Undergrad: 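Pasting in a structure now, in structure tokens, and then I'll have a few things to ask.
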Amino acid sequence: MREMIERFFADYAFFILFFHVLGAIIWVGGMIAIRVAVHPGLQHIEDSKTRLARTLEITQRLFNLVLPFIVILLLTGVVMAMGMGFKGTPMNGFVHIKEAVWTVMTINYAWMVLKRNRAQRLFLSGDLAGAKEALSPIPNVMLPINVMLGIVALALGIALRGF
Ligand code: HEM
């Protein structure tokens, strides 16, 4: 199995690194764009029902967009880590930290999806205050945590390159 992965990495290193970095750009960049550019703009919609409806739609689109790239990041990361032969080297510690960071980010992502889905159910039942309350930790706590962790993962990736 290890030999097969090493061979796969040797043959497709360009594409594996390309999709890893693309995944990082879309996941981390997508969260930053929503938090910094889209969320403040949404607050200018005065009608609270319209504001909540647009917020639910935008968060769903973001979460759907990043889901395949979360999987791609892990798969390409594991292939690179094995293909580059980090096992048994000090760099392997960095790989494990990246795996841990990815795991925490993915749990936080899944939690955000559950919160958004709950907010959607409350919204559809007419409980606008409940929907707003269910959504509020996403921009205020959960997205910022994942942005910070994503930046840490990025820095660890560069460190793995040997810089
Ligand atoms: C939160 C998710 C992650 C982000 C945002 C991320 C981001 C990055 C970035 C930006 C690079 C630098 C690429 C370069 O220019 O060399 C990189 C490299 C790397 N990442 Fe990740 N990564 C993530 C998760 C993972 C995971 C889960 C693993 C392993 C299981 C992993 C393993 C690696 C390895 C081995 C490299 C070294 C590539 C090289 O030396 O060129 N990454 N990562």
Side-chain angles (χ1 to χ4, degrees), residues 1-40 42 54-121 131 134-163:
M1 181 70 176
R2 170 169 284 274
E3 273 169 26
M4 219 175 82
I5 291 178
E6 282 172 1
R7 187 69 198 265
F8 181 69
F9 178 68
D11 289 345
Y12 299 104
F14 174 89
F15 294 102
I16 292 160
L17 184 56
F18 173 81
F19 280 109
H20 195 74
V21 175
L22 184 68
I25 290 170
I26 291 180
W27 192 7
V28 183
M31 291 188 298
I32 293 173
I34 294 288
R35 181 62 191 85
V36 176
V38 180
H39 178 70
L42 279 172
R54 293 290 70 80
T55 306
L56 286 167
E57 182 193 345
I58 287 162
T59 43
Q60 181 164 41
R61 285 181 189 278
L62 172 76
F63 294 155
N64 289 347
L65 167 74
V66 300
L67 182 59
F69 291 100
I70 293 178
V71 178
I72 285 172
L73 264 172
L74 180 66
L75 294 179
T76 51
V78 169
V79 170
M80 283 195 294
M82 291 176 82
M84 288 174 174
F86 284 131
K87 205 175 166 78
T89 72
M91 287 303 194
N92 207 34
F94 279 22
V95 172
H96 288 321
I97 298 173
K98 284 200 83 168
E99 283 166 349
V101 170
W102 179 93
T103 305
V104 175
M105 286 177 73
T106 302
I107 291 169
N108 192 21
Y109 163 86
W111 197 3
M112 283 191 273
V113 171
L114 292 178
K115 278 203 162 293
R116 197 218 75 89
N117 292 349
R118 182 161 172 269
Q120 169 115 17
R121 284 195 299 276
L135 277 177
S136 84
I138 295 180
N140 295 329
V141 185
M142 301 169 92
L143 270 181
I145 287 177
N146 260 12
V147 167
M148 280 188 292
L149 289 172
I151 291 169
V152 170
L154 224 99
L156 288 167
I158 307 293
L160 275 167
R161 274 224 142 181
F163 291 113

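Since the model is a prediction, treat every value here as computed from it, not as a measurement. Positions are given from 1 along the sequence.
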Undergrad: Looking only at heavy atoms, which two atoms of A24 and L73 are closest? And how far apart?
TA: N-CD2, 3.9 Å
Undergrad: Taking only residues two or more places apart in sequence, or in another chain, which ones meet I32 in a side-chain contact (heavy atoms from CB on, under 4.5 Å)?
TA: V28, V36, V147
Undergrad: Between CZ of R116 and CZ of R121, what distance do you get to the nearest 0.5 Å?
TA: 10.0 Å
Undergrad: Residues in salt bridge (charged side-chain N to carboxylate O under 4.0 Å, His left out) with R161, at least two apart?
TA: none
Undergrad: Strictly by salt bridge (Lys or Arg N to Asp or Glu O under 4.0 Å), give each pair with a member in residues 9-31 just once, sequence neighbours left out.
TA: R7-D11
Undergrad: Among pairs that include at least one residue of residues 63-101, which meet ring pair (Phe, Tyr, Trp, His ring centres under 6.0 Å), considering only residues two or more places apart or in two chains?
TA: F63-Y109
Undergrad: Enumerate the residue pairs fulfilling salt bridge (Lys or Arg N to Asp or Glu O under 4.0 Å) with a member in residues 61-79, sequence neighbours excluded, ordered by first and then second residue.
TA: E57-R61
Undergrad: Report the distance from atom CD1 of I158 to atom CZ of F163, rounding to the nearest 0.5 Å.
TA: 8.0 Å
Undergrad: Could you pull out all residues at least two apart from P144 that satisfy side-chain contact (heavy atoms from CB on, under 4.5 Å)?
TA: R35
Undergrad: To the nearest 0.5 Å, what is the distance between CE (M84) and CE (M91)?
TA: 10.5 Å
Undergrad: Could you state the interatomic distance from CD1 (I70) to CG (L75), rounded to the nearest 0.5 Å?
TA: 12.0 Å
Undergrad: Kindly state each residue pair satisfying side chain to side chain donor-acceptor pair (under 3.5 Å) with at least one member in residues 62-82, sequence neighbours excluded.
TA: H20-T76
Undergrad: Test of understanding: with side-chain contact (heavy atoms from CB on, under 4.5 Å), list the residues that count as partners of V38, not counting sequence neighbours.
TA: I34, L42, I58
Undergrad: Which salt bridge (Lys or Arg N to Asp or Glu O under 4.0 Å) pairs, counting each pair once, include a residue from residues 136-154, with sequence neighbours left out?
TA: none
Undergrad: Please round to the nearest 0.5 Å and tell me the distance separating atom CZ of F18 and atom CD1 of I72.
TA: 10.0 Å
Undergrad: Would you say V95 and N92 make side-chain contact, with heavy atoms under 4.5 Å?
TA: yes
Undergrad: Which one of I145, I138, L135 satisfies the side chain to side chain contact (heavy atoms under 4.5 Å, CB included) criterion with M112?
TA: I138
Undergrad: Which value, rounded to the nearest 0.5 Å, describes the distance between F19 atom CZ and L22 atom CG?
TA: 6.5 Å
Undergrad: The criterion is side-chain contact (heavy atoms from CB on, under 4.5 Å); which residues satisfy it with F8, sequence neighbours excluded?
TA: Y12, I16, V79
Undergrad: Might you point out which heavy atoms bring M80 and L17 nearest each other, and give the distance in Å?
TA: SD-CD1, 3.7 Å
Undergrad: Hey, does the side chain of K98 reach the backbone of A153 with a donor-acceptor pair shorter than 3.5 angstrom?
TA: yes
Undergrad: Listing request: all side chain to side chain donor-acceptor pair (under 3.5 Å) pairs with a residue in residues 139-150, at least two apart in sequence or in separate chains.
TA: N108-N146
